[in-house]
There are 2 protein chains.
Amino acid sequence: MLEAAWRVARERGIAAITLREVASGVGMRAPSLYEYFESKEAIYDAMFAEGYEAFLKIMPGPDDPSEPRPRAIAWIRRFFAFCRADVARYQLLFQPAIPGFHPSEDSMQLAGRALTTLDREMRAIGLTRPAAADLWTALVTGMVNQQIANDPGGDRWERLADEAAAMFIDHMERMEELV
Amino acid sequence: MLEAAWRVARERGIAAITLREVASGVGMRAPSLYEYFESKEAIYDAMFAEGYEAFLKIMPGPDDPSEPRPRAIAWIRRFFAFCRADVARYQLLFQPAIPGFHPSEDSMQLAGRALTTLDREMRAIGLTRPAAADLWTALVTGMVNQQIANDPGGDRWERLADEAAAMFIDHMERMEELV
DNA sequence: GTCTATACACAGATAGAC
DNA sequence: GTCTATCTGTGTATAGAC
């Protein structure tokens with residue numbers, strides 16, 4: 001059911017999902033979907049939650065390098081891979097792609113967990129300023145954004161990912177020394 | 001005419017413009033708009049061109065500081081101001097906010113001029129690697145993006161703008177020395 | 001549970017009178 | 001040039017038969 005919705009999203013774009021098409025993807029008619037979801041919004045919400053669950057799984061963990069620089073590089077590479085593996089999912093999670101869509105409380109909580117995990121991660125690599133996480137998210141999403149928007153089939157920004165991560169770590173470590 | 005379209009865009013969101021509402025904004029009915037524009041797409045296109053013309057005007061120039069660091073800081077501040085002054089315009093120019101909208105050749109040329117100007121600017125402050133402009137656009141749009149999406153009324157990212165610009169310049173200058 | 005039929009609301013665009 | 005009336009299409013959602 002959600003599987004069919006993702007298929008449509010990937011083919012037509014996340015904002016172009018229609019109930020008719022999702023239903024036809026599972027051999028049904030549109031009204032039958034209301035047995036499983038209260039509304040179209042509820043479908044988006046379930047997809048949003050599913051997306052964040054997948055996202056939480058690819059956050060840095062014990063298997064990653066422990067030194068800040070290689071750890072950040074490993075992480076930005078995986079983030080690129082995650083976003084590019086499913087652009088529709090990327091748009092749903094990280095872009096205001098669906099006018100008027102607001103995730104439910106439950107889903108927002110899931111998204112919040114990603115942020116607290118990120119904060120903990122920053123402290124784990126020795127970055128104590130709150131600015132660290134904010135600057136990092138801006139840099140990383142900016143890189144992926146440019147890549148997907150302006151060079152969807154290439155690697156114009158992806159090949160700069162390591163450099164971006166290194167720039168960030170070098171800068172933040174220098175700032176820490178001043179504290 | 002375009003003025004009315006911008007008004008609607010600011011009120012309802014750039015993607016939610018309707019011909020009826022634009023028309024009513026100038027005391028007309030929807031069909032009359034076709035005397036001035038071939039289609040709704042043509043209206044978006046004209047707005048897009050107008051937006052980029054305004055954008056070109058705020059790019060760095062002779063009145064800005066000439067030293068790389070303060071010059072980059074002045075520029076990122078002005079970019080924030082430009083985007084936040086009109087979020088609808090920001091979305092039209094820098095975000096894939098309107099599904100299926102593709103600017104005309106003429107408008108794309110205007111957008112291209114912004115990029116060549118940026119390249120020249122990078123060389124003017126001593127950055128010769130092509131990566132410089134790409135990393136800069138990613139960083140700057142990422143910052144604005146996070147600000148508008150996650151803290152529209154605050155300054156959580158805007159207050160980090162100077163630091164981001166400094167981080168970028170410091171990093172790029174160090175890279176130049178290695179060439 | 002799934003269907004057909006349909007309500008309802010919008011949108012962009014066109015025809016043709018004035 | 002501007003209008004009214006309308007076409008055509010698309011979408012979400014509901015009623016009620018099976």
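Everything numeric in this text was worked out from a predicted model, so none of it was measured. Per chain, numbering begins at 1; letters A, B, ... match sequence-line order.
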J.: With each end axis built from five pairs of C1' atoms, what bend angle do you get for the helix from C:dG1-D:dC18 to C:dC18-D:dG1? Round to 10°.
T.: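 About 10°, once rounded to a multiple of 10°.
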J.: Which one of A:Met172, A:Glu121, A:Met122 satisfies the side chain to side chain contact (heavy atoms under 4.5 Å, CB included) criterion with A:Trp136?
T.: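 That would be A:Met122; it is the only one of A:Met172, A:Glu121, A:Met122 passing the side chain to side chain contact (heavy atoms under 4.5 Å, CB included) with A:Trp136.
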J.: What N/O pairs connect the protein and nucleotides 16-18 of chain C at under 3.5 Å? Give each pair on its own line.
T.:
none

J.: Only counting residues at least two apart or in another chain, list the ones meeting side-chain contact (heavy atoms from CB on, under 4.5 Å) with B:Pro70.
T.: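 Partners of B:Pro70 under the side-chain contact (heavy atoms from CB on, under 4.5 Å) test: B:Pro65, B:Glu67.
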J.: Check the distance between D:dT14's P and A:Phe37's CZ and give it to me in whole angstrom.
T.: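 Atom-to-atom, A:Phe37 to D:dT14, this comes out as 16 Å.
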J.: B:Phe82 ring centre to B:Arg89 NZ or CZ under 6.0 Å, with the angle to the axis within 45°?
T.: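 B:Arg89 over B:Phe82 ring: yes.
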J.: Do A:Met28 and A:Phe37 sit in the same hydrophobic cluster, where Ile, Leu, Val, Met, Phe, Trp and Tyr count as joined when their side-chain heavy atoms come under 4.5 Å apart?
T.: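 Hydrophobic grouping puts A:Met28 with A:Phe37.
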J.: Round to a whole Å and report the spacing from CD of A:Glu35 to C1' of D:dT12.
T.: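 Rounded to the whole Å, the gap is 16 Å.
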J.: Please test A:Thr137 against A:Leu118 for side chain to side chain contact (heavy atoms under 4.5 Å, CB included), starting from the C-alpha separation and ending with a verdict.
T.: CA-CA 9 Å; A:Thr137 57; A:Leu118 179 64; 3.3 Å; yes
J.: Is the number of heavy atoms from other residues, nucleotides or ligands under 6.0 Å of B:Met1 CE greater than 12?
T.: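 Counting neighbours around CE of B:Met1, more than 12 heavy atoms of other residues, nucleotides or ligands fall under 6.0 Å, so yes.
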J.: Checking A:Asp170 now: which residues fulfil side-chain hydrogen bond (donor to acceptor under 3.5 Å, both in side chains) with it, not counting sequence neighbours?
T.: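 In terms of side-chain hydrogen bond (donor to acceptor under 3.5 Å, both in side chains), with neighbours along the sequence ignored, A:Asp170 is linked to A:Arg69.
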J.: Roughly how far apart are A:Leu135 CG and A:His171 NE2, rounded to 0.5 Å?
T.: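 Reported value, rounded in 0.5 Å steps: 6.0 Å.
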J.: Just the rounded figure in Å: distance from C1' of D:dA13 to CG of A:Leu33.
T.: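 About 11 Å, once rounded to whole Å.
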J.: In whole angstrom, what separates B:Met28's CE from D:dT2's P?
T.: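 After rounding, the reported distance stands at 3 Å.
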J.: In terms of hydrophobic clusters joined by side-chain contacts under 4.5 Å, are B:Leu127 and B:Phe79 together?
T.: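 Yes, one cluster joins them.
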J.: Taking CD1 from A:Ile43 and P from D:dG11, how many angstroms apart are they, rounded to a whole number?
T.: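 Roughly 14 Å, once rounded to whole Å.
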J.: Can you sort out which residues in residues 7-15 of chain A have a heavy atom within less than 4.0 Å of DNA chain D? Ascending by number, please.
T.: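 The stretch gives none, as no residue of it lies under 4.0 Å from the strand.
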J.: Apply the test ring pair (Phe, Tyr, Trp, His ring centres under 6.0 Å) to residues B:Tyr44 and B:Phe48: give CA-CA distance (whole Å), side-chain angles for both, the deciding distance (0.1 Å), then the verdict.
T.: CA-CA 6 Å; B:Tyr44 276 132; B:Phe48 184 88; over 10 Å; no
J.: Is the shortest heavy-atom distance from the side chain of B:Val140 to the side chain of B:Phe168 under 4.5 Å?
T.: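 When only atoms from C-beta onward are counted, B:Phe168 and B:Val140 do not touch, as no gap falls below 4.5 Å.
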J.: Are B:Leu115 and B:Leu139 linked, directly or through intermediate hydrophobic residues, by side-chain heavy-atom contacts shorter than 4.5 Å (ILVMFWY only)?
T.: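 Different clusters: B:Leu139 never reaches B:Leu115 through Ile, Leu, Val, Met, Phe, Trp or Tyr contacts under 4.5 Å.
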J.: How does protein contact run along nucleotides 8-14 of chain C, one letter per nucleotide 5' to 3', with B for base contact, S for sugar-phosphate only, - for none, heavy atoms under 4.0 Å?
T.: ---BBBB
J.: Looking at A:Ser32, I'd like to know whether one of its side-chain N or O atoms comes within less than 4.0 Å of OP1 or OP2 on C:dC3.
T.: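 Answer yes for this pair, as a side-chain N or O of A:Ser32 is under 4.0 Å from OP1 or OP2.
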J.: Taking all atoms of both residues into account, what is the closest heavy-atom pair of B:Pro103 and B:Asp45, and its distance?
T.: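 Result for this residue pair: CA-OD1, 3.4 Å.
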